[in-house]
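Heads up: the structure comes next, in structure tokens.
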Amino acid sequence: MPSKNPQQAKWNQRYQNTQAPNAPARVLIDNRHLLPLQGDALELACGLGGNALELARAGLRTQAWDISDVAIAKLQHLARQQQLPLQACCIDLEPQSLGVASFDLICVTGYLDRALCPAISAALRPGGLLFYQTFSGAKHGTSGPSNPDFVLQQGELLRLFCKLTPLVYREPLHDLNPDQNRPDQAYLVARR
Ligand SMILES: C[S@@+](CC[C@H](N)C(=O)[O-])C[C@H]1O[C@@H](n2cnc3c(N)ncnc32)[C@H](O)[C@@H]1O
């Protein structure tokens, strides 16, 4: 039965014909040495869960949440097949979904809901790590979001997570390569 939630219907349609999970995001690859050896991890707006699978393979008990039940079913199937410690849940994210001091690591990529950011900071345990990467800058390529509300302003990740201690921050210098037809993304690794 088609979903009544237009956001869910849109993403379900997109994931219907996609099987392979996305590759892990650069924020995880570049900063793999910062991953804890154990603990509870959460990927928000995980899609097919390329990051969540990577975290589970690294030995973290991992939860993966997304509004698309199609993506969640595919991810849970793959995790079961590979016997990974990963639980995938279909959730329409709201600040109250997150709880307080519940996770040692939270990962978000390709998703921006500014209203969630204080709850994300609070959902980390003391010492817990945030890995956040998303679209940044006034100019971005064809595969980025068309709605400018979903694109970070300069330095915005640092402001959104000002209660955390930044460990690594990377932001593209758009003016230096204005012709590149690919989305530019900023990333932050920060500790509570
Ligand atoms: C651009 S995709 C990014 C997927 C994945 N994180 C990645 O980097 O490949 C955005 C994701 O956000 C999810 N999403 C959109 N609105 C949501 C909501 N209200 N609650 C939970 N997930 C949502 C979509 O289903 C989609 O999987």
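Note that these values count all heavy atoms, side chains included, but never hydrogens, waters or copies made by symmetry. Since this is a predicted model, take the numbers as computed values, not measurements. Order of listing sets the numbers, starting from 1, for every ligand and every atom in it.
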**Request:** For the pair Asn12 (side chain) and Val70 (backbone), establish whether a donor and an acceptor sit closer than 3.5 Å, ignoring hydrogens and angles.
**Result:** yes
**Asked** What protein heavy atom is closest to atom 18 (C) of ligand 1, reported as residue, atom name and distance in Å?
**Response** Tyr111 OH, 3.6 Å
**Request:** Please confirm whether Trp65 comes under 4.0 Å of ligand 1, counting heavy atoms of the residue only.
**Result:** no
**Item:** Ligand-side contact atoms (ligand 1) for residue partner Thr109, heavy atom cut-off under 4.0 Å
**Value:** 3 (C), 5 (C), 6 (N), 7 (C), 8 (O)
**Protein contact of atom 13 (C) of ligand 1 - nearest heavy atom, named by residue and atom, plus distance** = Asp66 OD2, 3.3 Å
**Prompt:** At what distance is the nearest protein heavy atom to atom 1 (C) of ligand 1, and which residue and atom is it?
**Reply:** Gly110 O, 3.2 Å
**Heteroatom proximity flag, Asn51 to ligand 1, N/O under 3.5 Å** = no
**Prompt:** Are any of the N or O atoms of Leu44 closer than 3.5 Å to those of ligand 1?
**Reply:** no
**Request:** State, without any angle test, whether Asp30 and Tyr187 hold a side-chain donor-acceptor pair at a distance under 3.5 Å.
**Result:** yes
**Nearest protein heavy atom with distance in Å, relative to atom 4 (C) of ligand 1** = Ala45 O, 3.5 Å
**Fill in**
If we number the atoms of ligand 1 from 1 as shown, the ones under 4.0 Å from a heavy atom of Glu43 are 6 (N)
**Prompt:** Does the N or O separation between Ile67 and ligand 1 drop below 3.5 Å for any pair?
**Reply:** yes
**Prompt:** Hey, are the side chains of Thr109 and Glu43 touching, using non-hydrogen atoms and a 4.5 Å cut-off?
**Reply:** yes
**Complete:** What one should report as the nearest heavy-atom pair of Ala119 and Pro95 is CB-O, 3.5 Å
**Request:** Identify the protein heavy atom lying closest to atom 19 (N) of ligand 1, giving its residue, its atom name and the separation to 0.1 Å.
**Result:** Asp92 OD1, 2.8 Å
**Atoms in ligand 1 flagged as close to Gly47, the criterion being non-hydrogen separation under 4.0 Å** = 27 (O)
**Message:** What I'd like to find out is whether the side chain of Leu164 reaches to under 4.5 Å of the side chain of Leu188, using heavy atoms alone.
**Reply:** no
**Message:** Counting non-hydrogen protein atoms only, what is the nearest one to atom 9 (O) of ligand 1? Give residue, atom name and distance.
**Reply:** Asn22 ND2, 3.1 Å
**Request:** On the 0 to 90° scale, with breaks at 30° and 60°, tag the Trp65-Phe103 ring pair as parallel, tilted or perpendicular.
**Result:** perpendicular
**Message:** When you compare the side chain of Asp113 with that of Leu93, does any pair of heavy atoms fall below 4.5 Å?
**Reply:** no
**Residue Gln7 vicinity, atoms of ligand 1 by number, heavy atom under 4.0 Å** = 15 (C), 16 (N)
**Request:** With heavy atoms of Cys46 as the reference, note each atom of ligand 1 found under 4.0 Å away.
**Result:** 5 (C), 6 (N)
**Asked** Identify the closest protein heavy atom to atom 2 (S) of ligand 1: which residue and atom is it, and at what distance?
**Response** Trp11 CH2, 3.5 Å
**Item:** Proximity to ligand 1 by part of Ile91, non-hydrogen separation under 4.0 Å
**Value:** backbone
**Complete:** Heavy-atom nearest pair, Leu75 first then Ala88, reads CD2-CB, 4.1 Å
**Request:** State, with a plain yes or no, whether a side-chain heavy atom of Leu44 is found less than 4.5 Å away from one of Tyr132.
**Result:** no
**Request:** State, yes or no, whether a side-chain contact exists between Leu28 and Leu35 at a heavy-atom distance under 4.5 Å.
**Result:** yes
